Peer 1: 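Below you'll find the structure I mean.
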Amino acid sequence: MHTRRSFRPLVITLPFCAAATVAVLLAAQGADTPGDSLVAGFKSTYPASVSDAVELVTGKNGTMRSDMKLMTGANLVGRAATALARPAPADQATPALATKHSVEMIDEAKPGDVGVIVMEGTLDIAAMGNLMATAAVERGMAGMVLDGAIRDLWDVRRMGLTVYARSKSPRTAVGHYATVARNIPVECGGVTVRPGDIIVADEDGVVVVPQERAAEVLKRAQVIDQQESGMFPFIREFKSLSKAIAKFNRI
């Protein structure tokens, strides 16, 4: 149901950003983690094919809930780094504690990583804003996936950082939430994400590829892409989708 395409760096004009910041961002979106051939491979597949492949290989859904939306930026592929936040009393949700593990996750991220932050039990409080986004850009992260809200969206968009989130809200975590851990398995958008799992996303949605099955999933996704690439000329020649489905056993 789609043509094969490659993930390409986002090209944008940012008159208000420092040239160095722009250069770091564009380099991150175009770069792989050094030596990570699997990430490179997934950048030449289609997320819909990857979604199908995860189910075929693992027998489980790997696609996040439909309300996980692209808020700003472009397609996204990279290894997950995670952080988890939970409701906390005000004295435990200070500015230092509200985002402690999320900040540490970003500060220690490798170029090309995808930050995954879960705000357990709420879509009304921001998981991150423009300060954390600035750090993510400077660390060379590929983007962020938030089970929660994004704030300062206008400024994050100006930076060019790719962000997927389930909502947007200006409300702060300070006084309400505190992070409890980083780089642990988390439930994000209904799917388990572990550090090192591969995130593949575009405007259709976000897919999680279990790291131990990534090579199998990639191979199956590439087969699906190749199969569908043959369906388009067949449909055009015979002017029949039914015949194409019967021949290729694919829709």
Side-chain angles (χ1 to χ4, degrees), residues 2-11 23-58 60-64 68 70 72-83 105-117 133 135-146 160-165 182-186 188-189 191-226:
H2 47 258
T3 55
R4 186 175 181 181
R5 67 181 180 182
S6 298
F7 284 68
R8 294 183 174 86
L10 179 65
V11 180
V24 168
L25 174 66
L26 296 180
Q29 290 193 339
D32 299 326
T33 301
D36 199 330
S37 60
L38 289 172
V39 168
F42 279 109
K43 286 188 176 184
S44 64
T45 64
Y46 209 99
S49 297
V50 176
S51 177
D52 292 358
V54 169
E55 290 199 34
L56 290 169
V57 170
T58 70
K60 298 178 181 179
N61 170 51
T63 302
M64 293 187 187
M68 183 64 77
L70 174 59
T72 181
N75 304 333
L76 183 63
V77 179
R79 298 275 182 176
T82 66
M105 177 269 288
I106 292 172
D107 279 354
E108 296 181 12
K110 299 184 294 293
D113 279 356
V114 175
V116 177
I117 302 176
V137 168
E138 295 302 325
R139 292 296 298 178
M141 298 182 74
M144 306 293 295
V145 176
L146 312 176
L161 180 67
T162 292
V163 177
Y164 292 76
R182 62 183 171 88
N183 287 328
I184 61 166
V186 295
C188 184
V191 178
T192 299
V193 182
R194 299 162 304 160
D197 285 347
I198 298 176
I199 304 296
V200 183
D202 69 1
E203 59 185 336
D204 284 352
V206 179
V207 184
V208 182
V209 180
Q211 54 198 296
E212 72 278 7
R213 307 298 296 272
E216 298 170 79
V217 171
L218 176 59
K219 184 176 180 179
R220 183 62 66 93
Q222 290 170 335
V223 169
I224 292 171
D225 283 343
Q226 184 177 14

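What you see is a predicted model, and the numbers here were worked out from it, not measured in a lab.
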Peer 1: Met105 and Ile117: side-chain contact (heavy atoms from CB on, under 4.5 Å), yes or no, with the steps?
Peer 2: CA-CA 9 Å; Met105 177 269 288; Ile117 302 176; 3.8 Å; yes
Peer 1: Got a sec, which residues hit side chain to side chain contact (heavy atoms under 4.5 Å, CB included) with Ala109, two or more places apart in sequence or on another chain?
Peer 2: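 Asp113, Met141.
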Peer 1: Under the side-chain hydrogen bond (donor to acceptor under 3.5 Å, both in side chains) criterion, do Asp225 and Ser49 qualify, and how do the steps go?
Peer 2: CA-CA 7 Å; Asp225 283 343; Ser49 297; 2.6 Å; yes
Peer 1: So does Glu108 pair up with Arg139, basic N to acidic O under 4.0 Å?
Peer 2: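 Salt bridge between Glu108 and Arg139, a charged N being under 4.0 Å from a carboxylate O: no.
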Peer 1: Applying the side-chain contact (heavy atoms from CB on, under 4.5 Å) criterion to Val209, which one of Val77, Val54, Asp197, Leu38 satisfies it?
Peer 2: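 Among Val77, Val54, Asp197, Leu38, the one that satisfies the side-chain contact (heavy atoms from CB on, under 4.5 Å) with Val209 is Val54.
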Peer 1: Do Tyr46 and Val200 pass the side-chain contact (heavy atoms from CB on, under 4.5 Å) test, and can you show the C-alpha distance, the side-chain angles, and the key distance before you say yes or no?
Peer 2: CA-CA 9 Å; Tyr46 209 99; Val200 183; over 6 Å; no
Peer 1: Do you know which two heavy atoms are closest between Asn75 and Tyr164, and how far apart they sit?
Peer 2: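 Closest approach of Asn75 to Tyr164: CA-OH, 4.0 Å.
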Peer 1: Considering only heavy atoms from C-beta outward, does the side chain of Thr162 approach that of Leu70 to under 4.5 Å?
Peer 2: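 Side-chain contact under 4.5 Å: yes.
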Peer 1: If I compare all heavy atoms of Gly196 with all of Gln211, which pair ends up nearest, and what's the gap?
Peer 2: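 For Gly196 and Gln211, the tightest heavy-atom pair comes out as O-CB, 3.5 Å.
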Peer 1: Do you know which two heavy atoms are closest between Arg194 and Ala80, and how far apart they sit?
Peer 2: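 Minimum heavy-atom separation between Arg194 and Ala80: O-CB, 3.8 Å.
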Peer 1: Determine whether a donor-acceptor pair (N or O, by modelled atom type, separation under 3.5 Å) exists between the side chain of Ser51 and the backbone of Thr63.
Peer 2: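 Checking the backbone N and O of Thr63 against the side chain of Ser51, no donor-acceptor pair under 3.5 Å is found.
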Peer 1: Tell me whether Asp36 is salt-bridged to Arg79, with the criterion being a basic N under 4.0 Å from an acidic carboxylate O.
Peer 2: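 A salt bridge is present here (some side-chain N lies under 4.0 Å from a carboxylate O).
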Peer 1: Are Glu216 and Lys219 close enough for a salt bridge, meaning some N to O gap below 4.0 Å?
Peer 2: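 Salt bridge: no.
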Peer 1: Hey, are the side chains of Val114 and Met144 touching, using non-hydrogen atoms and a 4.5 Å cut-off?
Peer 2: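 Side chain of Val114 against side chain of Met144, heavy atoms only: no contact under 4.5 Å found.
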Peer 1: Name all residues meeting the salt bridge (Lys or Arg N to Asp or Glu O under 4.0 Å) criterion together with Arg220; count only those two or more places apart in sequence or in a different chain, and write none if there are none.
Peer 2: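 Once residues adjacent in sequence are excluded, Arg220 has no partner under the salt bridge (Lys or Arg N to Asp or Glu O under 4.0 Å) criterion.
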Peer 1: For the residue pair Val145 and Leu76, establish whether any side-chain heavy-atom pair is separated by less than 4.5 Å.
Peer 2: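 They are in contact (side-chain heavy atoms under 4.5 Å apart), so the answer is yes.
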Peer 1: If you take all heavy atoms of Ala136 and Ile106, which pair is closest and at what distance?
Peer 2: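 Closest approach of Ala136 to Ile106, heavy atoms only: N-CG2, 3.7 Å.
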Peer 1: Are any of the side-chain heavy atoms of Ile199 and Val208 separated by less than 4.5 Å?
Peer 2: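 Sidechains of Val208 and Ile199: in contact.
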Peer 1: Only counting residues at least two apart or in another chain, list the ones meeting side chain to side chain contact (heavy atoms under 4.5 Å, CB included) with Val186.
Peer 2: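 Residues passing side chain to side chain contact (heavy atoms under 4.5 Å, CB included) with Val186: Thr82, Leu84, Val116, Val118, Ile184, Val193.
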Peer 1: Ignoring hydrogens, what is the shortest heavy-atom contact between Ala201 and Pro47? Give both atom names and the distance.
Peer 2: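 So the minimum-distance heavy-atom pair works out to C-CG, 4.0 Å.
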